[in-house]
Structure formats: C-alpha cells, structure tokens
Amino acid sequence: MTQPDNGAHAPEQFLSTPRQTLRRDLLAQRRAVPAAQRAAWDRNLQQQLLEKMQTLRPASLALYWPIRAEPDLRAVYAELQALGIQLALPWVVQAQAPLRFLAWQPGDAMEADSYGIPLPAQRSHLLDPAVILIPCVGFNTTAYRLGYGGGFYDRTLAQLPQALALGIAYPVAACEFEPDHFDLPMHEMLVAG
C-alpha cells in the first residue's frame, strides 16, 4: 500500500493490510526467539554461507549489517574477504529507489546512515555485486521474500537481474503469502537448520 507523500501520516488502523499484520507478527516472533537460539541459528547460517561462497567464488558479495534481530553473519565477513571476494554493504540513497552498494572490508571506517545503520565512511567506491545477501522478515515456499515494506531490494533486483539473490532467514520466518506483482523471488534461500 502506498502512503501519501504529503508528510501527514494516517492513523495505523487505516494503514493496516494483511501483509503489514503478517510482517508485524513475524517481527514479534523473531524478537521473541531466545538470544541463545538465535546465536545457534547464526552459526548455522554462517557455515552455510561460507560453504556456498567457497563453491561459488563470486567476484563480489553484498552483505548487510543486521538490525531488528536479523540473522547476524558478521562473524564470517573477514573469512569471506579472505576468499578473495570483494565485499559491499547496501546504501539507501533515497526512498523509492534501488539500493547502491559501497565496497567495504572489515576494519574500514564506518559512519551511521540516516537510519542508524553503519556504512563505510567512504561513499565513492560503488559496485554492482554478483551475489546479494537479503535478510528476510518472511519467506514462502516459492522463495518470495517479505521485507520491511520499503521495496528497496525488489527495485534493486529488477535493476541488477544478473545478481544472484540469496535470502537469509531463521525458520520462524517461514510463512505463506501471495507475492505482489512487483515482488521478485530469491534464487535461493539459506535458512537456519
């Protein structure tokens, strides 16, 4: 659902849709998972990711910095770089636009963006990644992803059709929903086991 862009915000009860309700419920479920369980799932996902990248050996890989209890893969970012993969982090340049990707390596100077998410301090080395890791609020059996609702990753994948989209999720994110006409499926899902 598109909200008016006049700066005014309608009361929440008027904006609620089945997707928004599902998103809210999935986020609550994810936050409710005990920290020790999330840490175990993170280790499983980190191992899956390392094995996948050792097989694929892409030239570049877009990572993400975890927010809102997303799967945390940061423990293996240095190992991924050691494989010779150019790493990058997503940058929200503006609303209603595709993401841009900033080259990054562990140890680079970081600054928070307007959302409070760490980004490389340098904003000039942009790249189009070969593989994009995409955290999922939810995902269905046909590998469609439910995100936070901004459409950033869908716009990005439409602009970079050659990029391999790897959804990253905890098992509590599995759900059923009908994709919207602009949604694009993940090429593959990595789900903690």
Any donor-acceptor N/O pair, Gln122 side chain to Ala103 backbone, under 3.5 Å: yes
What I'd like to find out is whether the side chain of Leu133 reaches to under 4.5 Å of the side chain of Leu73, using heavy atoms alone. yes
Hey, are Arg74 and Asp42 close enough for a salt bridge, meaning a charged N less than 4.0 Å from a carboxylate O? no
Which atom names give the shortest non-hydrogen contact between Pro66 and Pro71, and what distance separates them? CB-O, 3.8 Å
Verify side chain to side chain contact (heavy atoms under 4.5 Å, CB included) between Lys52 and Leu166, making sure each step is shown before the conclusion. CA-CA 10 Å; Lys52 174 67 69 182; Leu166 289 180; 4.1 Å; yes
Is any side-chain heavy atom of Trp41 closer than 4.5 Å to a side-chain heavy atom of Val33? yes
Minimum-distance pair of heavy atoms, taken over all atoms of Cys136 and Ala169: CB-CB, 4.1 Å
Are Leu160 and Phe101 close enough that some pair of their side-chain heavy atoms sits under 4.5 Å apart? yes
Verify side chain to side chain contact (heavy atoms under 4.5 Å, CB included) between Tyr144 and Asp180, making sure each step is shown before the conclusion. CA-CA 10 Å; Tyr144 280 91; Asp180 281 337; over 6 Å; no
Is there a side-chain contact between Tyr153 and Pro98 (heavy atoms, below 4.5 Å)? no
Other residues, nucleotides, ligands: >12 heavy atoms within 6.0 Å of Arg19 CZ: yes
Checking Leu157 against Ile134 for the side chain to side chain contact (heavy atoms under 4.5 Å, CB included) test, could you report, in this order, the C-alpha distance in whole Å, the side-chain angles of both residues, the deciding distance, and whether it holds? CA-CA 10 Å; Leu157 294 176; Ile134 305 177; 3.9 Å; yes
Tell me, do Val172 and Leu26 make a side-chain contact under 4.5 Å, heavy atoms counted? no
Measuring only between side-chain heavy atoms, which start at C-beta, is Leu119 closer than 4.5 Å to Glu111? no
Taken to the nearest 0.5 Å, the spacing of Leu146 CG from Cys175 SG works out to 6.0 Å
With rounding to the nearest 0.5 Å, note down the distance linking CG in Leu49 to CG in Leu56. 9.5 Å
Calculate, to the nearest 0.5 Å, the distance between atoms CG and CG belonging to Leu87 and Leu127 respectively. 9.5 Å
Looking only at heavy atoms, which two atoms of Ser60 and Pro129 are closest? And how far apart? OG-CA, 3.2 Å
Rounded to the nearest 0.5 Å, how far apart are CD of Gln46 and CZ of Arg43? 8.0 Å
Is there a path of hydrophobic side-chain contacts, each under 4.5 Å between heavy atoms, that joins Tyr64 and Val92? yes
Taken to the nearest 0.5 Å, the spacing of Leu61 CG from Gln81 CD works out to 11.5 Å
Does Pro90 offer a backbone N or O that forms a donor-acceptor pair with the side chain of Arg100 under 3.5 Å? no
Angle class for the Trp65/Trp104 ring planes (parallel below 30°, perpendicular above 60°, tilted otherwise)? perpendicular
Would Arg24 and Leu27 satisfy side chain to side chain contact (heavy atoms under 4.5 Å, CB included), going step by step from the backbone distance to the final call? CA-CA 5 Å; Arg24 184 188 64 232; Leu27 287 169; 6.0 Å; no
What's the separation between atom CD in Gln105 and atom CG in Leu89, rounded to the nearest 0.5 Å? 11.5 Å
How close do Leu83 and Arg57 get, counting heavy atoms only, and between which atoms? O-NH1, 3.5 Å
Verify, without hydrogens or angle tests, whether Asp154 (side chain) and Gly151 (backbone) share a donor-acceptor contact under 3.5 angstrom. no
With a 4.5 Å limit on heavy-atom distance, are the side chains of Met53 and Val131 in contact? yes
Donor-acceptor contact below 3.5 Å, side chain Gln159 vs main chain Leu99: no
Gly193 versus Gln48, closest heavy-atom pair with distance: N-NE2, 4.3 Å
In one Ile/Leu/Val/Met/Phe/Trp/Tyr side-chain cluster, 4.5 Å: Ile132, Leu164: yes
Same cluster or not: are Phe182 and Phe152 linked, directly or through other Ile, Leu, Val, Met, Phe, Trp or Tyr residues, by side-chain heavy atoms under 4.5 angstrom apart? no
Does a salt bridge link Asp25 with Arg30, judged by any charged N lying under 4.0 Å from a carboxylate O? no
Report yes if some heavy atom in the side chain of Leu80 is under 4.5 Å from a heavy atom in the side chain of Leu63; otherwise report no. yes
If you compare all heavy atoms of Phe177 against all heavy atoms of Arg145, which two are closest, and at what distance to 0.1 Å? CZ-C, 3.8 Å
